Student: 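Supplied in structure tokens, the structure appears directly below.
Each chain gets a letter, A, B and so on, in the order its sequence line appears, and its residues count up from 1. The structure displayed is predicted, hence computed values, not measured ones.
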Amino acid sequence: MGRKLQYVTIKGTKDGFTLILDDRCSYRELLDEIEEKLSVATREPNDNRLVPVFLETGNRYLNEEQINTISELIRKKKKLYIEQVHSNVITKAEAEKMQKENRIVKIEKMVRSGQVLEITGDLLLIGDVNPGAKVVATGNIYIMGVLRGIAHAGANGKTDAVICASKMEPSQLLIADIAARSPDELQVFNHEMEYAYIDHNLNQIRIDKLQSFTMLQQTYT
Amino acid sequence: MGEAIVITSGKGGVGKTTTTVNIGTALALSNKKVCLVDSDIGLRNLDVLMGLENRIIYDLVDVAHGRCKLNAALIKDKRFDCLHVLPAAQTVDKTSVNPEQMKQIIHELKQDYDYVFIDCPAGIERGYKNAVAGADKSIVVTTPESSAVRDADRIIGLLEKEKNMEPPKLIINRIRKQLVKSGDMLDVDDVVSILAIELLGIVPDDEAVIAAANRGEPIALEPSNYASIAYRNIGRRILGESVPLASFEESQGLFSKLKKLIGIR
């Protein structure tokens with residue numbers, strides 16, 4: 001067994017440990033070496049705190065089961081836990097999902113009462129959302145038209161999603177899991193472009209003029 | 001070969017049957033061969049508005065089930081030779097006919113008539129599906145009330161999904177000028193901006209329409225009534241003429257614009 005090469009490199013950082021795994025050796029060899037390395041290392045910390053480990057897998061693809069195995073192995077040996085796995089490769093399915101979530105879907109139609117328009121990614125709607133209709137997007141919603149129905153942005157929990165409309169007269173707005181409805185008393189709508197976002201200080205949805213949108217973006221970045 | 005136009009609304013009581021009867025009469029006045037089909041099986045009343053109730057022997061369901069020939073069920077109008085009515089059955093319900101059978105009947109009627117108007121029942125269930133099955137075009141009737149507009153919007157969404165169907169056109173029924181002026185009623189522009197389809201015509205609210213219906217005489221026969229003129233204008237637009245909205249038909253915005261144009265304040 002020519003175990004001269006180092007398949008597993010351990011680096012200490014201020015946040016914890018980084019485990020750099022070689023991506024050329026077999027998975028079996030990797031497991032053996034992790035086990036070996038962790039058995040050798042001594043100096044236990046005095047407190048019972050768990051130390052985070054960052055896993056660098058390079059160009060190796062580890063599936064969920066394999067990550068769990070390594071995770072268990074590390075947990076068993078020392079007071080360590082895997083905080084993050086960083087890999088240069090992802091599966092095609094994951095890549096497609098990412099691409100879907102980051103695209104802008106352009107749709108030209110009137111969304112009418114009783115219709116539900118659901119998309120993955122950002123929605124650019126050219127047309128109105130009528131009362132009784134609903135548009136749902138995992139990302140942002142931009143409506144070039146009147147929003148009179150329900151809009152749900154960040155449907156998978158993206159709290160920094162926004163809803164923009166040329167004319168904002170919604171019956172309900174939802175961003176991630178926060179909802180807001182229109183006031184009960186009749187109101188005069190102004191005809192400026194507006195957008196809705198979650199005010200993270202108050203944890204509720206706010207509507208503002210579109211001009212202030214760029215200002216908000218600056219505070220986020 | 002003529003064309004089949006379904007008249008629908010989603011909500012009940014907005015004037016589908018009245019509209020069907022009057023547009024049919026208006027086109028018969030222009031010497032077109034017209035057939036009115038009542039597809040509201042179980043709740044028929046198109047024949048009542050036409051004053052033809054006492055002449056019904058066979059009906060739509062009899063034709064669908066082959067109990068009589070199509071011609072035997074058709075009733076000729078009292079006033080026009082070119083206007084016929086295919087009445088609905090009253091004793092059974094909407095499930096006694098299926099869309100395939102309707103398609104077949106409408107197809108057969110289209111061979112003999114210039115225009116076949118199908119009066120659709122309220123709702124979006126079986127009756128609606130039957131009525132829409134054989135149609136080439138559609139007219140959506142609404143009143144300027146938010147509930148009626150909401151239902152019209154739903155119906156338009158369904159009609160847009162139909163294959164082989166042209167985009168629907170809109171009739172706004174029972175406009176009350178005074179209420180619109182005082183801001184208590186949606187105006188034509190509001191309705192059109194929500195529904196976003198082509199406007200075929202608007203009909204003013206008029207008590208004479210109710211009176212005429214009770215007599216069994218379509219209002220479109222009266223030459224000077226505003227509602228009657230509105231229906232006849234709609235008829236002419238269906239024939240392809242470009243008829244501008246008459247002064248009582250105009251929305252406030254357009255009217256004041258026009259006034260400005262000719263210089264009256």
Side-chain angles (χ1 to χ4, degrees), chain A residues 105-119 123-137 141-152 163-174 181-194 207 210, chain B residues 8-12 14 120 122-129 132 138-163 165-170 172 179-180 182-199 253:
Chain A
V105 184
K106 188 184 80 173
I107 291 174
E108 290 137 357
K109 73 174 278 200
M110 297 275 303
V111 189
R112 299 188 182 278
S113 177
Q115 296 177 334
V116 181
L117 181 62
E118 277 182 318
I119 59 122
L123 169 67
L124 174 61
L125 178 72
I126 299 163
D128 299 345
V129 180
N130 275 356
K134 190 175 181 182
V135 287
V136 182
I141 295 176
Y142 311 105
I143 298 167
M144 310 289 271
V146 194
L147 171 57
R148 296 191 181 93
I150 301 173
H152 188 179
I163 302 167
C164 299
S166 310
K167 233 170 132 184
M168 248 326 169
E169 302 175 7
S171 52
Q172 253 181 47
L173 290 175
L174 296 104
R181 62 169 172 80
S182 62
D184 285 329
E185 65 272 20
L186 278 176
Q187 53 175 353
V188 184
F189 294 103
N190 58 358
H191 289 179
E192 266 179 279
M193 293 249 259
E194 288 177 313
I207 295 182
L210 200 61
Chain B
T8 181
S9 72
K11 190 174 176 297
V14 297
C120 179
I124 53 173
E125 296 83 25
R126 183 66 172 269
Y128 163 82
K129 283 173 189 142
V132 168
S138 54
I139 293 174
V140 174
V141 182
T142 186
T143 57
E145 296 160 76
S146 18
S147 55
V149 172
R150 184 77 60 94
D151 289 359
D153 191 44
R154 178 92 170 92
I155 282 285
I156 293 166
L158 295 175
L159 287 168
E160 281 173 345
K161 274 191 210 141
E162 287 296 321
K163 288 170 215 132
M165 173 92 86
E166 288 182 25
K169 292 182 181 175
L170 182 68
I172 306 175
L179 280 181
V180 171
S182 63
D184 293 320
M185 191 178 245
L186 292 172
D187 73 9
V188 173
D189 292 342
D190 293 336
V191 179
V192 172
S193 84
I194 292 179
L195 298 179
I197 56 170
E198 195 188 325
L199 183 64

Student: How long is the gap from CD1 on B/Ile156 to CD on A/Gln115, to the nearest 0.5 Å?
Tutor: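 B/Ile156 CD1 to A/Gln115 CD: 10.0 Å, rounded to 0.5 Å.
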Student: Which distance, rounded to the nearest 0.5 Å, do you find between the CZ of A/Arg148 and the CZ of B/Arg150?
Tutor: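 The CZ atom of B/Arg150 is 10.5 Å from CZ of A/Arg148, to the nearest 0.5 Å.
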Student: Kindly list each side-chain donor-acceptor pair under 3.5 angstrom involving residues 190-199 of chain B, sequence neighbours excluded, with atom names and distances?
Tutor:
from     : atom 1 : to       : atom 2 : distance (Å)
B/Asp190 : OD2    : B/Asp187 : N      : 3.2
B/Ser193 : OG     : B/Asp190 : O      : 3.0

Student: Side chains of A/Lys109 and B/Glu160: closer than 4.5 Å at any heavy-atom pair?
Tutor: no
Student: Report, as yes or no, whether the 6.0 Å neighbourhood of atom CE on B/Met165 holds more than 12 heavy atoms from other residues, nucleotides or ligands.
Tutor: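 Enclosed.
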Student: Flag yes if more than 12 heavy atoms outside A/Lys134 fall under 6.0 Å of its NZ atom; otherwise flag no.
Tutor: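 No, NZ of A/Lys134 has 12 or fewer neighbouring heavy atoms, counting only those of other groups under 6.0 Å.
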